[in-house]
Amino acid sequence: MTEKYNPSDVEPRWQRVWRERDVFRAYDDSEKPKFYALEMFPYPSGRIHMGHVRNYAMGDVVARYKKAQGFEVLHPMGWDSFGMPAENAAIATDGHPKDWTYNNIDEMRAPMQRLGFALDWSREFATSDVAYYKTQQQIFLKFWEKGLVYRKTAKVNWDPVDNTVLANEQVIDGKGWRSGAVVEQRDMDQWFFKITNYAEDLLDGLKTLDRWPEKVRTMQANWIGKSEGLQMRFLFEPEDNERIADEILYPKWNEIDPNKENSSSGTLRSDGETIFGSYSGNGKADVEICSDDFFGGLQIFTTRPDTLYGASFLALSPDHPLVKELAKNNSSIENFRAECAKIGTSEEAIAQAPKLGLDTGLRVKHPFDKNITLPVWIANFVLMGYGTGAVFGCPAHDQRDLDFARKYDLPVTPVVLPDGKDAATYEVGDEAYTGEGKLFNSGFLNGLNKSKGIKAAIHKITEMDLGEGVTQYRLRDWGVSRQRYWGCPIPVIKCEDCGSVPVPEDQLPVELPYDINFDKPGNPLDRHPTWKTEGVTCPKCGKAAERETDTLDTFADSSWYFAAFGGSLDQDGNMDWDAASKWLPVDQYVGGVEHAVLHLLYARFFTRGLIDCGLLNVKNGEPFAGLFTQGMVTHAVFTNEDGEYVVPDQVIEKGNQLLQMGTNKIVTKGDIIKMSKSKKNTVDPEEIIKGYGADVARWFVLSDSPPERDVEWTDAGVNGAWNFQKKVWRAVEATTAQGGPLVVAEDASGEALELRKLAHRALEKITAGIEAFRFNTSVAQIYELTNALNKYKGQDAARLEALGILIRAIAPFMPHLAEECWSILMGNGLVYHAPWPEVDPAMLVDDTITLPLQVNGKRRSELNIAKDMPKDEIEKLALADEAVQRSIGDATVRKVIIVPGRIVNIVAK
RNA sequence: GCGGGCGUGGUGGAAUUGGUAGACACGCAAGACUUAAAAUCUUGUUCCUGUAUAGGAGUGCCGGUUCGAUUCCGGCCGCCCGCACCA
């Protein structure tokens, strides 16, 4: 047996065996404990890339390892197949998004299968399958019933390049997450998922996710952005109250409902935002202006009500409804609004923009002191999207307020005295004091600390009926309407009389029409000749009606797919929700950190929604019990002398120079960054599979770097993996001992015993490495074991045992090689079905140990002694050691520290 | 600015209830085999001094705790990621 190991022969052979024996199928009714391993499913772009290989290789290690550990493993694969690239490709190639998508899926499935992942392909689906989106439409309607879906006109993020709306989470630095175009604000009718219902729960749940990276939990917590404080209103001075009532509320009121002239109270709405007010005619109005809720007065939110006595102004966002109304009759306010809008909405430009303000002339009363009147300003640093779009300014204890006050010469009154400062002389300079201290200059709050002051102020304001303690979240509802074709149609019919009406269950799915054209920009569903209107009647009143032409954000598709795998969603749209509940949560989820907020937050929301709709039953509402975010695969970027990117394949080394193949232009090696088509620094996994085999590709992406870190793809590294494959093969080839890899060399002694010990020690560390997601350390131990085996000359039981351990240990990493080796040694059976080898604890302990000897903390020598030698004897031997003696020299031994089994340290001075 | 992470040989990295720093791999050097190359094998490889025995320094920098610190504490410096006028 001296054949060369030939992966292109071996790998397809074992893949066929696995497929024919259907070994990767997961059984819902298995007696074994379940384990759900999942990697974030791919978008079918048409080609797999190294990032995929690394992602799925990691999940596969876990899946195969857990299988060997005796779990019933679910490890499925599918396609996140709705989305814009399909439309763009269709436009570019004059094709159809559906054809493009399903061709891509077929193209990607094959290389994926050639990588030999232990996937249950029987559960495969694509989110663009009618069966899948039909179920999603059912979920949408269930959510609607449960009050988790609503429709409103709202300011939305409009991506002018992709011609669609984006969710807040999809706007990054003021730009669209896909297109990179600067996002515009538009008012549109939108469907929303009420994710804010679960704000508190989503935040709470993070605490239970102890197998998630801290970083991701922090990012989600920040995104939810909980802050507790006081929402309160400042009452206008009487003359301003009248002015607002007469100039704004009354005309508005009239405009909306002229018949209710002079009525005594009511609510006015405009622009999708709300202006609330009670109007009783003739200037006796109780007026409140805000964006969200009804009180009377001007609503603000603060987390520092303890500093209310330090208030010197109120500031409104330029987009505040009151400001908008005032601007209508006031050109300086209108101009100011325009000026603020110029700064744009992106990046740190906002944070560093100079503070701009304009006095509205309006005045409000201080709640605690009738004699204090505060001016109401418009300020560009106040955001309409958070809180009420209005704040009170306390310059002494808020940096922004201080900058603003200094610029516009507003009073700065300190009310928190830092410890050790004197109330009589304390002044605030250019830095606001935000720390702890005792309140002063603050009436009834004097002497209290920060937290007591906050409580007391909230209590007082509540008593005065001016406000209450509230919790604010940064999280806002998830806008899911997209003006695109290639997505899940929103199952709604729009009726002139009845408004938005759900499509009845028996009329689902609302299927996408195939005959569409992309001649014009915009949504082809909207201008389809028949789909929108033909035969469409209102399910409620029967009158002719129109379909909703928006489709759902594709992030909805990926928010429940993990449940569809568990429930074996079939092509008729049937799925077993009980089975889904049984498999969930996903025990180990693996994917990129770029989904830390978007996908992972939406999926947590959906799971809660599905539980509340009675479809799922998952503990804690958490879909992913364990999450691992893997690093990227990087590669150097090469540029030639013309500044063009050069693909790595075309770079050749000549002497000390890099040259471009063919042109012989000099090539420079640049940054090592994530593989990307545009930088041409990609390596095609299919080429690697062809040249070296799937096992080598898998081994390489897992070997050197810790999984959470980026790994640099290098030819040398691939070569190393290739050589390792050969080394393992050699260890098997050189074996003539009979008996198979399950032999236990119980009577081993001498070198054989040493090999056994090494094998079991390595096994312990390999196992620990897999458990802790530190595959690189497992790999290192596998190397040691392989090297030891290749040095070992004996053809005996110890060899077979070590080999058996080695092959089972590499099986999760290099499954084809492992199967081939296993079959040679075993003759039958699959290593996939072999149990994980057990560590023999007796092999981990030695009768003799090597004890390092330190003198004053520096290692001088070592001692080979029996493991249970008494301390006083160790001390004697240590002090007698020649090197120790030399180090001690003339000094006196003060102390001898002996840590059994660890170290000896002699202190001498 | 706030939050999180990181800093170890020429390179990727290992080592944490504080106990031999540099496992394993890449690279490099020397040697064996070979007509030659590849492959493979052997040996060496943190730095400095030294033929060697050996000695000294060393985990970003400064300091502290300790018999002993890559690990714990304080203060700097640098890099990466996330959020960013959130009241």
Side-chain angles (χ1 to χ4, degrees), chain A residues 4 172-173 213-223 225-227 229-230 300-305 307 315 317 343 346-355 379-383 385-394 397-401 403-404 472-474 593-594 596-597 703-706 708-712 714-724 726-727 730 762 765 769 774 776-787 790-791 850-862 883 886-887 894-899 901-909:
Chain A
K4 256 176 103 176
I172 295 154
D173 291 341
E214 184 65 37
K215 178 188 166 125
V216 175
R217 288 192 286 170
T218 309
M219 281 169 72
Q220 291 215 356
N222 289 342
W223 189 266
K226 178 180 181 175
S227 54
L230 167 70
I300 61 104
F301 173 74
T302 178
T303 54
R304 292 296 303 276
T307 65
S317 163
I343 294 169
S346 67
E347 290 174 71
E348 55 200 290
I350 298 175
Q352 273 151 29
K355 303 268 181 291
N380 66 338
F381 67 86
V382 182
L383 306 173
Y386 187 77
T388 61
V391 299
F392 86 83
C394 176
H397 306 294
D398 182 288
Q399 193 58 46
R400 291 158 303 172
D401 296 347
D403 295 344
F404 191 76
Q472 279 283 347
Y473 298 94
R474 208 186 78 117
V593 73
E594 66 271 21
V597 248
S703 48
D704 271 353
S705 291
E708 71 276 10
R709 261 187 246 180
D710 293 350
V711 61
E712 186 194 353
T714 59
D715 292 343
V718 179
N719 209 39
W722 172 253
N723 287 340
F724 171 69
K726 283 195 289 195
K727 269 190 194 175
R730 238 192 347 267
K765 289 180 184 160
R774 284 161 35 209
N776 56 321
T777 63
S778 301
V779 163
Q781 292 301 319
I782 291 173
Y783 276 126
E784 285 210 48
L785 178 53
T786 310
N787 290 342
N790 272 331
K791 270 187 196 154
T850 304
L851 214 51
L853 301 180
Q854 291 184 335
V855 177
N856 292 330
K858 286 201 162 60
R859 183 183 171 279
R860 296 297 174 185
S861 184
E862 59 186 33
R886 197 167 48 233
S887 294
R894 304 279 178 194
K895 208 177 183 184
V896 180
I897 291 148
I898 299 171
V899 184
R902 284 285 193 184
I903 205 158
V904 177
N905 191 14
I906 294 157
V907 186
K909 270 181 186 168

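Numbered from 1 within each chain, the chains take letters A, B, ... in sequence-line order. All values reported here derive from a predicted model rather than from experimental measurement.
Phe301(A) comes within contact range of at least one nucleobase, with a heavy-atom separation under 4.0 Å. Base engagement by Val382(A) is indicated by at least one non-hydrogen atom pair under 4.0 Å involving a base atom. Using a 4.0 Å heavy-atom distance criterion, Asp403(A) is classed as making no nucleic acid contact.
Across every strand in view, A32(B) sits in a pair with U40(B) that passes the Watson-Crick or G-U test at under 3.5 angstrom. Pairing partner, U53(B): none, since no Watson-Crick or wobble contact has both distances short of 3.5 Å. Using Watson-Crick or G-U wobble geometry with both donor-acceptor distances under 3.5 Å, G68(B) finds no partner in any strand shown. Nucleotide U11(B) forms a pair with A25(B), judged by Watson-Crick or G-U wobble geometry with both contacts under 3.5 Å.
Taking atom OH of Tyr473(A) as the reference point, atom P of A87(B) lies 14 Å away to the nearest angstrom.
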Check nucleotides 41-44 of chain B for protein N or O atoms closer than 3.5 Å to its own N or O atoms and list the pairs.
unit_1, atom_1, unit_2, atom_2, d
C41(B), OP1, Arg730(A), NH2, 2.9

Find every protein N or O atom lying less than 3.5 Å from an N or O atom of nucleotides 5-16 of chain B, and list the pairs.
unit_1, atom_1, unit_2, atom_2, d
G12(B), O2', Ser705(A), OG, 3.3
G12(B), N2, Asp704(A), OD1, 3.4
G13(B), O3', Asn776(A), ND2, 3.4
A14(B), OP1, Asn776(A), ND2, 3.1
A15(B), OP1, Arg774(A), NH2, 2.4

Pairs under 3.5 Å (N/O, protein and nucleotides 67-73 of chain B):
unit_1, atom_1, unit_2, atom_2, d
C67(B), O2', Asn905(A), ND2, 3.2
C67(B), O2, Asn905(A), ND2, 2.6

**Study point:** Protein proximity profile, nucleotides 51-56 of chain B - base contact B, sugar-phosphate-only contact S, no contact -, cut-off 4.0 Å on heavy atoms
**Key:** ---S-S

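Taking 4.0 angstrom as the limit, Asn787(A) places a side-chain polar atom (N or O) nearer than this to OP1 or OP2 of A25(B).
On a pure distance criterion of 3.5 Å, a polar donor-acceptor pair joins the side chain of Arg400(A) and the base of A87(B).
Residues satisfying the ring pair (Phe, Tyr, Trp, His ring centres under 6.0 Å) criterion with Phe404(A), sequence neighbours excluded, are Phe313(A), Trp377(A), Phe381(A), Tyr408(A). When the ring pair (Phe, Tyr, Trp, His ring centres under 6.0 Å) test is applied to Tyr473(A), no partner is found at least two apart in sequence or on another chain.
Classification of G13(B) as anti follows from a glycosidic angle more than 90° from 0.
Taking the P atoms as reference points, A29(B) lies 14 Å from A37(B), given to the whole Å.
Contact detail for Phe301(A) and Thr388(A): the closest heavy-atom pair is N-OG1, 3.8 Å.
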